[in-house]
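Notes follow once the structure below has been shown.
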Amino acid sequence: MFQKVLIANRGEIAVRIVRACRDLGLATVAVYEPGDMGALHVRLADEAYMLSSPQGYRDPEEMLTVALRSGVDAVHPGYGLISEDPGFKRACATAGITLVGPESEVSAQVRDKVGAIQRVQAAGIATTRPSSRTFDPEEGADLLAEAQQLGYPLVIKSCAGGHGRGTALVYSAEKLLNIAQRSSAQAQAAYRDGRIYLEAAIIPSRYIEVPILGDHHGNIIQLGDQDGSIQRNTRKIISEAPAPNLTPAQREAICNSAVEVARTFGLRGACTIEFVLDGAGNHFFSEVKPRIQVEHLVTEMITHIDVVREQLHIAAGLPLRISQAQVRCDGHAIFCRINAEDPWRGYLPSPGLISAFRLPGGPNVRVDSYAYAGAEVPVRYDSLLAKLVVWGAERGECLQRIQRALQELHIGGIQTNLSLLHMLITHPEFTSGNYTTAFSHLKLNVPTPPDSQLRDLAAIAALTYLSRARTARSTTPAAYTTGWHRDSRRLPQ
Amino acid sequence: MFQKVLIANRGEIAVRIVRACRDLGLATVAVYEPGDMGALHVRLADEAYMLSSPQGYRDPEEMLTVALRSGVDAVHPGYGLISEDPGFKRACATAGITLVGPESEVSAQVRDKVGAIQRVQAAGIATTRPSSRTFDPEEGADLLAEAQQLGYPLVIKSCAGGHGRGTALVYSAEKLLNIAQRSSAQAQAAYRDGRIYLEAAIIPSRYIEVPILGDHHGNIIQLGDQDGSIQRNTRKIISEAPAPNLTPAQREAICNSAVEVARTFGLRGACTIEFVLDGAGNHFFSEVKPRIQVEHLVTEMITHIDVVREQLHIAAGLPLRISQAQVRCDGHAIFCRINAEDPWRGYLPSPGLISAFRLPGGPNVRVDSYAYAGAEVPVRYDSLLAKLVVWGAERGECLQRIQRALQELHIGGIQTNLSLLHMLITHPEFTSGNYTTAFSHLKLNVPTPPDSQLRDLAAIAALTYLSRARTARSTTPAAYTTGWHRDSRRLPQ
Amino acid sequence: MSKLIIHLADQEFEVEINSPPDAEGFTSVSVNGEALRVAIAPAASPDATEWAIVDTRPYEVLFDRDMRSVQSIHGRHELRIRDLEAGVARPRSGDGRIKAPIPGIIANVLVELGQNVSVGEPILILEAMKMQNEITAPRAGAITTLNVQPGQTVVLHELLVEIS
Amino acid sequence: MSKLIIHLADQEFEVEINSPPDAEGFTSVSVNGEALRVAIAPAASPDATEWAIVDTRPYEVLFDRDMRSVQSIHGRHELRIRDLEAGVARPRSGDGRIKAPIPGIIANVLVELGQNVSVGEPILILEAMKMQNEITAPRAGAITTLNVQPGQTVVLHELLVEIS
């Protein structure tokens with residue numbers, strides 16, 4: 001095992017990796033851009049180095065300099081940022097520092113999504129039907145021709161991202177180029193890579209994912225199926241494991257396909273194999289995520305396996321400590337991604353000072369976050385604020401507990417998607433388990449509470465209004481202009 | 001199962017019960033004294049009633065009035081307060097409301113500790129050697145005579161409490177009456193019952209506890225052994241499960257004894273059977289705690305059983321949902337009790353406003369608390385602020401994780417025992433697992449950090465001092481007198 | 001003492017408050033003629049979660065800074081408060097000035113100076129926190145000020161565009 | 001600019017600070033002649049946990065309100081700060097007045113008016129949060145004021161006893 005690990009990331013995932021290292025007794029080295037000087041991942045590390053290059057966390061050269069200077073024997077890059085930068089991978093290898101993640105060649109293979117699908121097809125596994133190659137959005141004529149061959153409706157996907165930014169459904173040739181342009185721009189902004197490809201659409205569909213672990217000794221195990229169909233604003237915000245309403249035979253088939261895919265690529269470390277499920281229950285390989293996922297917590301809750309810990313074990317060359325027979329997927333887990341954003345104002349990000357932060361507690365509830373009351377949500381980075389997951393012996397227990405946990409979780413000072421999550425997890429389509437990706441697009445009408453509750457809320461609003469007005473009057477005039485009367489905070493609608 | 005449950009308690013345990021009820025989909029009714037109006041257990045409940053009697057939470061009559069008015073079909077009294085009030089139990093029974101806890105007669109039997117030991121002895125199980133009866137501290141001559149018969153050293157114990165307040169070791173007859181007087185006064189203050197009894201001392205000793213569940217159908221299961229030897233200021237502050245350094249044969253013998261004891265009394269619901277282990281590894285029954293314990297979280301972490309949920313199931317008359325064979329004690333758990341008190345000032349309680357509250361996260365960490373940043377630690381009640389527990393596949397992993405979790409946990413505005421806990425869990429006697437109750441009395445010398453760390457801390461202190469002085473100068477004079485310069489906060493040493 | 005009209009989830013409530021809180025901290029409130037006893041948290045930071053108890057029903061509510069919406073476990077609802085004693089409704093926004101709601105980079109400007117726009121029409125794209133955020137017209141009119149161009153960094157509350 | 005003597009865990013450090021923080025937020029500090037770069041959290045509430053970075057070593061520290069102790073994962077240590085520029089050490093407490101450190105009920109009074117006591121001698125028992133707390137003499141002398149009797153409720157900072 002390693003002695004000292006550089007964490008080449010920030011935010012929640014950096015904190016998550018520091019925790020895994022500490023739990024293993026490994027020393028940790030953090031890096032920070034000037035704005036993150038007091039961030040939690042820095043505070044909890046044993047050493048911390050400032051990144052002074054303007055590229056900050058995205059500068060592979062400065063990252064390598066820190067790795068060498070601090071004398072680490074491994075680097076964990078988390079996800080995003082430079083986690084899949086081929087140059088950084090090579091540089092670490094040359095310097096004799098282990099990078100926790102897939103090797104460059106495996107990484108390159110699965111990043112070429114069209115090529116990956118073709119390879120899986122060749123191995124005899126059912127896949128989605130992609131375009132023959134990737135495109136720049138300027139290649140209008142070629143795109144139209146390829147689309148004609150695939151048939152409509154089809155999905156435009158970004159080469160760099162997952163189901164997220166850049167993914168769009170197209171029903172007719174007239175709209176193709178416009179949508180392609182926008183998808184590409186979104187992908188460019190999010191992942192700094194504007195290339196796209198097409199895929200025959202499967203409607204209705206579900207996204208079923210299977211996390212796997214592979215070591216350097218040829219052992220590959222799968223950690224059960226999970227459902228990641230529910231997105232909002234191009235982000236998976238709810239996941240659950242196991243995926244609801246699958247037969248044991250379906251689960252077995254999907255998990256077996258996942259292991260075959262993993263063998264095909266010789267995957268190592270922690271990866272996720274993604275499938276699309278059609279209305280008839282057939283599964284089609286879609287892509288490989290060769291990294292730890294945001295929603296890896298659902299896996300951890302049902303398997304009791306610390307996935308980051310296992311990543312470190314595998315990267316150190318150790319054989320997997322459990323066999324497939326020893327993996328016990330026990331009970332059910334539901335995961336919610338909590339973002340600093342306002343779903344009622346077009347998902348506008350909401351940076352700022354967190355003035356209140358109350359976490360849920362009690363049995364079978366876990367929250368991973370870099371935040372706390374008094375912490376700052378920075379402007380420059382992703383809006384991911386916290387990850388909430390609950391466990392239950394069965395799905396019904398889980399549904400009760402996630403409601404309870406969301407009720408207990410309170411965040412003040414910034415806008416979050418908590419109210420949206422509460423609406424989603426209490427929606428009949430979700431509680432029944434009969435949802436598809438279409439649920440992501442469903443307009444959610446806020447249910448009107450019973451009259452008696454509205455009446456109570458009106459009384460509370462009136463008293464609160466009078467109390468605030470009194471407070472505002474009794475303090476200095478400055479408070480009056482900077483407090484809740486301040487008009488400038490109001491956003492254009 | 002019940003429809004609606006009254007929670008006849010406050011603080012952390014009330015919040016814990018609200019959570020269990022919500023997870024089961026049951027409606028909850030909270031009660032509050034005027035000072036607890038905004039407390040978390042009130043906020044999270046479906047209904048809340050103010051207790052206006054001066055006895056507040058301790059007034060069985062008003063509690064029954066609330067139970068009837070709110071139309072609950074069950075009352076969960078938690079521990080302490082009126083949880084074992086025989087009058088309240090009878091009144092609930094008469095009113096047809098189920099009280100979650102043991103029946104009056106069982107409760108009375110195990111509360112008579114000397115009688116309980118005699119009964120267990122009669123059933124052929126080894127017990128500690130108590131005095132023949134209980135005493136008032138005024139009965140000096142009788143006490144001395146009884147002590148003479150038992151022999152020194154002996155332990156004075158309170159009839160009402162557990163190993164906690166009132167327990168004292170006596171080495172010679174000269175000190176007996178003085179110590180008895182003080183023990184009785186402590187017990188009177190803590191439990192409103194000053195009666196005491198004597199017990200032949202076992203030195204060195206360990207406290208081994210076995211939680212059990214019993215239903216109304218004659219089923220009794222045990223949930224594994226745990227060690228509760230470590231106390232500070234008469235409170236168990238660290239527990240772990242399983243108890244370290246026991247042979248499988250020892251564990252089996254202790255757990256079997258626990259089930260036999262439970263059968264002897266016909267125990268139902270969640271109880272804990274306590275044993276004293278002598279230096280040779282023999283175990284002696286000591287007492288029965290017929291209620292949920294502060295440290296029930298260790299049990300929950302290793303068994304994946306929600307003990308409060310099971311209490312409700314059992315009280316509803318349902319049979320146990322798992323057999324002894326299905327109880328899987330998996331891995332290891334370590335529990336810390338976090339108190340609002342200052343161990344460096346004689347454990348002086350520290351009520352006040354919590355200005356900062358940062359909880360640990362990540363895998364296999366759980367915190368149960370009523371507190372959050374902005375909450376008030378009230379003056380009138382127990383200093384229990386939060387319960388922290390971590391799980392690990394084995395003890396070594398657990399030791400790493402509890403250190404990490406304590407490092408992450410930060411509480412500002414009040415004094416806590418966090419630094420003390422950090423010292424205890426990193427102490428070689430604890431990490432080796434070779435501790436006894438003597439560890440509770442060990443004077444802990446703060447280890448001096450290496451010179452380089454002291455040098456760093458000195459630099460930080462100097463900069464912080466200058467920064468605070470600057471802040472104090474730049475604000476109004478009032479802030480200067482109420483801020484950190486305020487002398488009146490300083491306590492007499 | 002006070003009379004307010006509360007618009008909440010498209011319903012209107014007339015709330016009257018005639019006396020200060022009693023010894024237990026409850027205020028007697030009449031809502032559409034119905035008598036309620038209401039206690040609310042002592043005035044704290046406007047960002048904090050407020051608790052309240054109405055008769056025996058506890059609530060946790062989160063009001064916007066400007067009290068134009070309220071969130072509770074029953075959902076998120078638009079709110080409008082009119083203080084009849086104060087005589088005037090609070091002014092609404094919508095004066096046609098678009099300020100930067102968050103700091104970020106202007107990714108795209110979708111209008112030109114002098115152009116006529118309708119309510120809700122996309123005006124510009126502001127990139128922040130890895131997201132492209134569409135800023136739309138708060139009212140109809142002509143673009144009279146256009147202070148930004150693509151690639152430009154803007155700070156919080158910076159005036160970007162004016163419509164009149 | 002500033003020179004301080006820091007007593008920490010029975011060691012003495014001379015700390016010199018000659019310039020304001022640099023652009024990166026670090027201040028050059030000399031401790032017993034050794035040069036360090038130190039950054040601390042912007043002045044926050046004195047109750048908050050402070051972070052600091054010394055060269056590449058991050059710390060979290062919790063200072064008492066009056067900076068007489070510091071807690072970190074390395075333990076809890078007594079602290080004494082002398083500002084050489086200010087010329088005087090901060091006054092120590094110990095003027096013989098015993099005030100209620102917490103609100104509570106006087107369970108027992110162990111001394112009488114006029115009685116001589118020595119440092120550390122138990123003076124009274126204050127019951128609060130279900131605990132009996134022994135309050136001891138901060139200095140030797142005679143009891144000149146005795147304001148309390150058993151059973152009496154006292155508020156925070158109430159003067160209980162005076163020794164002179």
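Below, chains carry the letters A, B, ... as their sequence lines are ordered, and counting in each starts from 1.
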Original post:
If you count heavy-atom pairs under 4.5 Å with chain A, which of Leu44(B), Val367(B), Val18(B) comes out on top?
Top reply: Leu44(B)

Original post:
When rounded to the nearest 0.5 angstrom, what is the spacing between CZ in Arg404(A) and SG in Cys21(B)?
Top reply: 11.0 Å

Original post:
Counting only heavy atoms not in Gln3(B), do more than 12 sit closer than 6.0 Å to its CD atom?
Top reply: no

Original post:
Where does Leu40(A) contact chain B at under 4.5 Å (heavy atoms): side chain, backbone, both or neither?
Top reply: side chain

**OP:** Determine yes or no for a side-chain-to-main-chain donor-acceptor pair under 3.5 angstrom, with Asp368(A) supplying the side chain and Gly362(B) the backbone.
**Re:** yes

Subject >> Nearest-0.5 Å distance, CD of residue Gln400(B) to CZ of residue Arg19(A) >> reply: 15.5 Å

Original post:
So which heavy atom on Asp306(A) is nearest to which on Pro363(B), and how close?
Top reply: OD2-CG, 3.5 Å

Subject >> Part of Asp23(A) lying under 4.5 Å from any heavy atom of chain B >> reply: both

**OP:** Mind checking the CZ-CD spacing from Arg22(B) to Gln403(A)? Nearest 0.5 Å is all I need.
**Re:** 8.5 Å

**OP:** Among Arg358(B), His410(B), Glu408(B), find the one that has a side chain to side chain contact (heavy atoms under 4.5 Å, CB included) with Tyr372(A).
**Re:** Arg358(B)

Original post:
Side chain, backbone, both or neither: which part of Arg16(A) has a non-hydrogen atom closer than 4.5 Å to chain B?
Top reply: side chain

**OP:** Starting at CD of Gln407(A), measure out to CZ of Arg43(B) and round the result to the nearest 0.5 Å.
**Re:** 11.5 Å

**OP:** Heavy-atom pairs under 4.5 Å with chain A are the metric here; pick the option from Met301(B), Lys387(B), Glu12(B), Arg328(B) that has the most.
**Re:** Arg328(B)

Original post:
Which heavy atom of His304(A) sits nearest a heavy atom of Asp330(B), and at what distance?
Top reply: ND1-OD2, 3.9 Å

